There are 2 protein chains.
Amino acid sequence: MSTQATTRPGGRSARVQQSVHQAVRDLEAEVGRSALTVPLIAARAGVTPSTVYRRWGDLRELLSDVAVERLRPDGAPTDHGSLRADLEAWAAQFAEEMSSTAGRTYIRDALLGDPEQGNAIRCSDYAAEQLKALGMRAAGRGEAVPDLETLLDVVVAPLMYRILFRPSDLSTAYTDRLVAAAVGRSSLPPQA
Amino acid sequence: MSTQATTRPGGRSARVQQSVHQAVRDLEAEVGRSALTVPLIAARAGVTPSTVYRRWGDLRELLSDVAVERLRPDGAPTDHGSLRADLEAWAAQFAEEMSSTAGRTYIRDALLGDPEQGNAIRCSDYAAEQLKALGMRAAGRGEAVPDLETLLDVVVAPLMYRILFRPSDLSTAYTDRLVAAAVGRSSLPPQA
DNA sequence: CCCCAGACGCAACTTCTTCGCATTAAGCTG
DNA sequence: CAGCTTAATGCGAAGAAGTTGCGTCTGGGG
């Protein structure tokens, strides 16, 4: 049901998906998220509501799909010269983006769609990819690197938990502390 | 909007809330969660749909309220003689309950309601209360105890992250490892 | 005992959602 | 490249859900 994979990649289906996604983004900015409805989105996208219902099932799934797209990182994380600095910068940016009202909404939307765990795991994969990139870069420098599971448990999970369950401030002091705990568990890869 | 506090404590309002909550639980078991609708629930509860809409706003809020109630812990966690054993038992039980399909659904439902952070934080508070009880019990034994924030970051957050974002198995080996990391950060309270 | 405010039932109305059927377009085969 | 197959879309009707105003009732307070 995760629409990207099952749809015919080119042609009309792709155009419809694109225009519907765009309609969601536009309308969200114009009328606010709470006023979004399927008929409204469909009208803006130039399709009939039944098309949206058939493709996405309901509004939640659609919003979930759009939210995941927005959570996709732009590119490779910037290089700050050391693993610790890279992680600190990444965590600070992650915390800032995700703890905003908009960021929290995207995470919640992404999480709430698709009970069969399609979109939620993609969120985690995005973070994992970024962290893996940082790790490989650091390994190339000869630095010791904590494994991915550790980074997810020690850095990402606490941030996400606070964002979802407890309105905390997520200061740089806090993210730095998480990073410090993570790098403390570093180990050199077997082949290095 | 969190219905418990704002309603008149006794009398009809209380009866309505109780019967509606009960109707949700019954129907969830009978027809399945995806078939739940406000009119259906209202009919079972013996009230009109408009009553439900006025009290809860929409189905999501209602499900969120019911889910939070189900996530409320039964009583004080059992005593296993040491902080480490207590935490291990608590974490194992937490992981087992929450990673089931039903448990995940409740968490998601709780998260789903109320953008203004009412129900989500209550989930976290339930865990925090349990952990605080464990901590005070351990402090009474003279044990060193990690502070609550640490426990939430090191034990609860990774579990919740995996439950929500990554379908992992959450074995006892894993929960024990989290507990080990947490007790490693213990410190004696100032007055002890 | 009476009054006031909040909560509820009722009913009409609007909007959303589902479904069958016809049509169009994409991908595939010869 | 022409024809075929199948998925996806548009359309419209029917059904279900959500919304709202108004009168009534219940529970708390004077």
Side-chain angles (χ1 to χ4, degrees), chain A residues 1-24 26-28 30-66 109 112-115 118, chain B residues 1-24 26-28 30-66 109 112-115 118:
Chain A
M1 186 61 60
S2 203
T3 37
Q4 343 277 74
T6 52
T7 53
R8 298 182 178 179
R12 186 167 61 162
S13 289
R15 282 197 303 277
V16 166
Q17 164 158 349
Q18 203 169 9
S19 79
V20 169
H21 274 219
Q22 190 60 46
V24 170
D26 292 348
L27 287 171
E28 197 170 352
E30 290 176 26
V31 303
R33 200 191 103 84
S34 58
L36 292 183
T37 65
V38 171
L40 184 66
I41 294 165
R44 167 67 66 104
V47 300
T48 61
S50 60
T51 296
V52 175
Y53 285 118
R54 273 192 275 254
R55 288 266 300 249
W56 282 275
D58 60 6
L59 181 60
R60 275 172 53 180
E61 280 303 318
L62 173 56
L63 292 182
S64 179
D65 263 20
V66 174
D109 282 348
L112 291 170
D114 192 86
Chain B
M1 185 63 60
S2 206
T3 37
Q4 343 277 76
T6 53
T7 54
R8 297 184 179 177
R12 187 163 64 161
S13 289
R15 282 197 305 275
V16 167
Q17 162 158 349
Q18 202 168 8
S19 80
V20 169
H21 274 221
Q22 190 59 45
V24 170
D26 292 349
L27 288 170
E28 194 169 355
E30 291 175 26
V31 303
R33 199 192 103 83
S34 58
L36 292 183
T37 66
V38 171
L40 184 67
I41 293 166
R44 167 66 67 104
V47 300
T48 60
S50 61
T51 295
V52 176
Y53 286 120
R54 273 192 269 255
R55 285 269 295 250
W56 283 276
D58 59 6
L59 180 60
R60 283 171 49 179
E61 280 303 320
L62 173 56
L63 292 181
S64 180
D65 263 18
V66 175
D109 281 349
L112 175 128
D114 193 86

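Below, each value reflects all heavy atoms present in this structure, side chains not excepted, and no hydrogens, waters or symmetry copies. By convention in this document, chain letters (A, B, ...) are assigned in the order of the sequence lines, proteins followed by strands, and residues within each chain are numbered from 1. What you see is a predicted model, and the numbers here were worked out from it, not measured in a lab.
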Distances for protein N/O vs nucleotides 21-23 of chain D N/O pairs under 3.5 angstrom?
from   : atom 1 : to    : atom 2 : distance (Å)
D:dG21 : O6     : B:R54 : NH1    : 3.3
D:dG21 : O6     : B:R54 : NH2    : 3.2

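- Between B:V38 and A:V16, the residue anchored nearer the 5' end of DNA chain D, judged by the nucleotide with its closest heavy atom, is A:V16.
- For A:E61 and C:dT18, the CD to P distance is 13 Å, given to the nearest whole Å.
- Contact detail for B:I41 and B:L27: the closest heavy-atom pair is CA-CD1, 3.7 Å.
- For A:P39, taking side-chain heavy atoms from C-beta onward, the closest of the listed nucleotides D:dG27, C:dT24, C:dC16 is C:dC16.
- A donor-acceptor pair under 3.5 Å is absent between the side-chain atoms of B:D109 and the main chain of B:L112, judged by distance alone.
- At the phosphate of C:dC16, OP1 or OP2 sits under 4.0 Å from a side-chain N or O atom of A:T37.
- Heavy-atom neighbours of A:Q22 CD from other residues, nucleotides or ligands within 6.0 Å: above the threshold of 12.
- The two residues A:L59 and A:T37 make their nearest non-hydrogen contact at CD2-CA, 4.4 Å.
- Taking atom CZ of B:R12 as the reference point, atom C1' of C:dA5 lies 13 Å away to the nearest angstrom.
- Remark: P of D:dT9 and CH2 of A:W56 are 8 Å apart, rounded to the nearest angstrom.
- You'll find that the side chain of A:R55 is closest to D:dT9, out of D:dG10, D:dT9, C:dA7.
- The CG-P distance, from B:D58 to D:dT20, rounds to 13 Å in whole Å.
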Inset, instruction - List the steps, then state whether side-chain contact (heavy atoms from CB on, under 4.5 Å) holds for A:R60 with A:D114. - result: CA-CA 8 Å; A:R60 275 172 53 180; A:D114 192 86; over 6 Å; no
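- In this structure, B:T48 reaches the C:dG9 phosphate: one of its side-chain N or O atoms is under 4.0 Å from OP1 or OP2.
- Across D:dG27, C:dC8, D:dG10, the shortest atom-to-atom separation from the side chain of B:R15 is found for D:dG27.
- In terms of heavy-atom proximity, A:P49 sits nearest to A:P39 at CG-CA, 4.0 Å.
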